[in-house]
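Written below as structure tokens is the structure these notes are about.
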Amino acid sequence: MVSLNQLWLPILVSTMLIFMASAVMWMVMPHHRNDWQSMPNGERVQEMMKGVAPGQYIYPGIMKPEERKDQEAQKRYQAGIGFVIVREPRIEMGKQMAVSALHTLVISALVAYLVASTVPQGSPYLTVFRVAATAAILGYAGAIPANAIWWGNTWSSTMKNIADGVVYGLLTAGVFAWLWP
């Protein structure tokens with residue numbers, strides 16, 4: 001059995017590699033450029049949202065059980081529902097990048113734990129790669145479809161995020177298989 005202490009190097013190297021790959025995916029490559037569209041009448045919506053605290057919102061609102069038979073409440077929902085995320089006016093990139101790196105570190109540590117628990121020391125590259133890739137792909141891409149299924153994210157954006165997650169998972173697996181004790 002391999003101890004987690006023996007895997008500090010692949011954990012750190014994969015964390016740094018995925019952090020850099022993510023930056024390239026989002027800042028250099030063109031595939032995410034059309035994931036978000038400007039809202040029609042965005043300035044008007046922005047004006048209407050003044051004073052709304054940062055958070056997650058649904059409109060026309062959450063239907064209470066007693067409203068389910070009310071015709072007016074049903075009409076509001078039939079007219080359409082939406083989800084809105086309100087953020088602080090200032091995005092703190094340093095903080096968000098640090099939290100993103102921490103997220104990647106946690107995934108790499110969990111991959112290390114799983115691979116160390118299941119793959120013996122001295123195993124061939126492909127044995128380590130298969131287990132690490134499965135775990136890392138699940139970590140980076142496994143829950144992404146729920147955003148399209150439940151929250152209305154576009155499937156095109158969802159599929160691009162899943163593809164990114166698969167790339168991150170394969171890169172992580174490559175590092176673990178390369179540096180496996």
Side-chain angles (χ1 to χ4, degrees), residues 1-38 54-56 83-181:
M1 189 159 166
V2 176
S3 77
L4 283 179
N5 288 337
Q6 292 174 282
L7 299 178
W8 65 269
L9 186 59
I11 291 170
L12 293 178
V13 170
S14 64
T15 296
M16 293 184 327
L17 179 63
I18 301 315
F19 185 79
M20 291 185 296
S22 176
V24 169
M25 295 278 209
W26 282 93
M27 293 190 289
V28 177
M29 296 182 70
H31 67 290
H32 286 294
R33 290 199 180 125
N34 296 323
D35 285 357
W36 293 85
Q37 266 73 128
S38 292
Q56 299 179 145
F83 305 98
V84 178
I85 299 170
V86 178
R87 298 197 54 162
E88 292 287 340
R90 186 169 163 250
I91 296 176
E92 296 181 34
M93 288 300 282
K95 177 183 173 187
Q96 289 177 259
M97 291 173 80
V99 173
S100 179
L102 179 62
H103 173 250
T104 301
L105 179 67
V106 168
I107 290 175
S108 291
L110 290 171
V111 168
Y113 171 76
L114 180 68
V115 180
S117 299
T118 59
V119 179
Q121 190 165 341
S123 290
Y125 182 95
L126 281 178
T127 302
V128 177
F129 185 90
R130 282 195 320 258
V131 176
T134 301
I137 290 169
L138 283 170
Y140 286 112
I144 291 173
N147 294 330
I149 294 166
W150 292 104
W151 308 118
N153 288 25
T154 64
W155 277 103
S156 63
S157 174
T158 299
M159 295 310 290
K160 289 183 268 186
N161 285 317
I162 290 170
D164 290 353
V166 170
V167 169
Y168 304 153
L170 295 174
L171 289 171
T172 300
V175 169
F176 274 86
W178 169 49
L179 297 172
W180 190 249

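Just so you know, residue 1 is the first one in the sequence shown, and it goes up from there.
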Run the side-chain donor-acceptor check on residues 98-109: report pairs under 3.5 Å with partners two or more places apart or on a different chain.
from	atom 1	to	atom 2	distance (Å)
Thr104	OG1	Ser100	O	3.1
Ser108	OG	Ser14	OG	2.8
Ser108	OG	Thr104	O	3.3

Using atom types as modelled, flag every donor-acceptor pair under 3.5 Å from a side chain in residues 85-97 to any protein atom, sequence neighbours excluded.
from	atom 1	to	atom 2	distance (Å)
Arg87	NH2	Gln96	OE1	3.4

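Within the 4.5 Å cutoff, no side-chain heavy atoms of Tyr140 are placed close to those of Asp164. The shortest distance between side-chain heavy atoms of Pro181 and Leu7 falls below 4.5 Å. Residues Thr154 and Met159 form no side-chain contact, since every pair of their non-hydrogen atoms from C-beta on lies 4.5 Å or further apart. Two residues are said to be in side-chain contact when any heavy atoms from C-beta on lie closer than 4.5 Å; Val131 and Phe176 fail this criterion. Contact annotation: the side chain of Leu114 approaches that of Thr118 to within less than 4.5 Å [non-hydrogen atoms, C-beta and beyond].
Judged by distance alone, the side chain of Ser117 and the main-chain N or O of Tyr113 form a donor-acceptor pair under 3.5 Å. Judged by distance alone, the side chain of Ser22 and the main-chain N or O of Ile18 form no donor-acceptor pair under 3.5 Å. With hydrogens and angles disregarded, a donor-acceptor distance shorter than 3.5 Å links the side chain of Thr15 to the backbone of Ile11.
Of all the heavy atoms in Gly169 and Ala136, the pair that sits closest is CA-CB, 3.5 Å. Contact between Trp8 and Asn5 at its shortest, heavy atoms only, is CD1-O, 2.9 Å. For Leu170 against Ala133, the heavy-atom pair with the smallest separation is CD2-CB, 4.2 Å. In terms of heavy atoms, Asp35 sits closest to His32 at OD2-ND1, 2.5 Å. Contact between Pro145 and Ala141 at its shortest, heavy atoms only, is CD-O, 3.6 Å. Between Gln121 and Trp180, the shortest heavy-atom contact is CA-NE1, 3.9 Å.
The local environment of CG in Asn34 is sparse, with at most 12 non-hydrogen atoms from other residues, nucleotides or ligands closer than 6.0 Å. Annotation for Trp155: atom CH2 counts as buried by contact number, over 12 foreign heavy atoms lying within 6.0 Å. Crowding of Trp178 atom CH2: a count of heavy atoms from other residues, nucleotides or ligands under 6.0 Å not exceeding 12.
Leu179 contributes atom CG, which lies 5.0 Å from atom CG of Leu9 (distance to the nearest 0.5 angstrom).
Ring pair Phe83/Trp151 is perpendicular by interplanar angle, where above 60° counts as perpendicular and below 30° as parallel.
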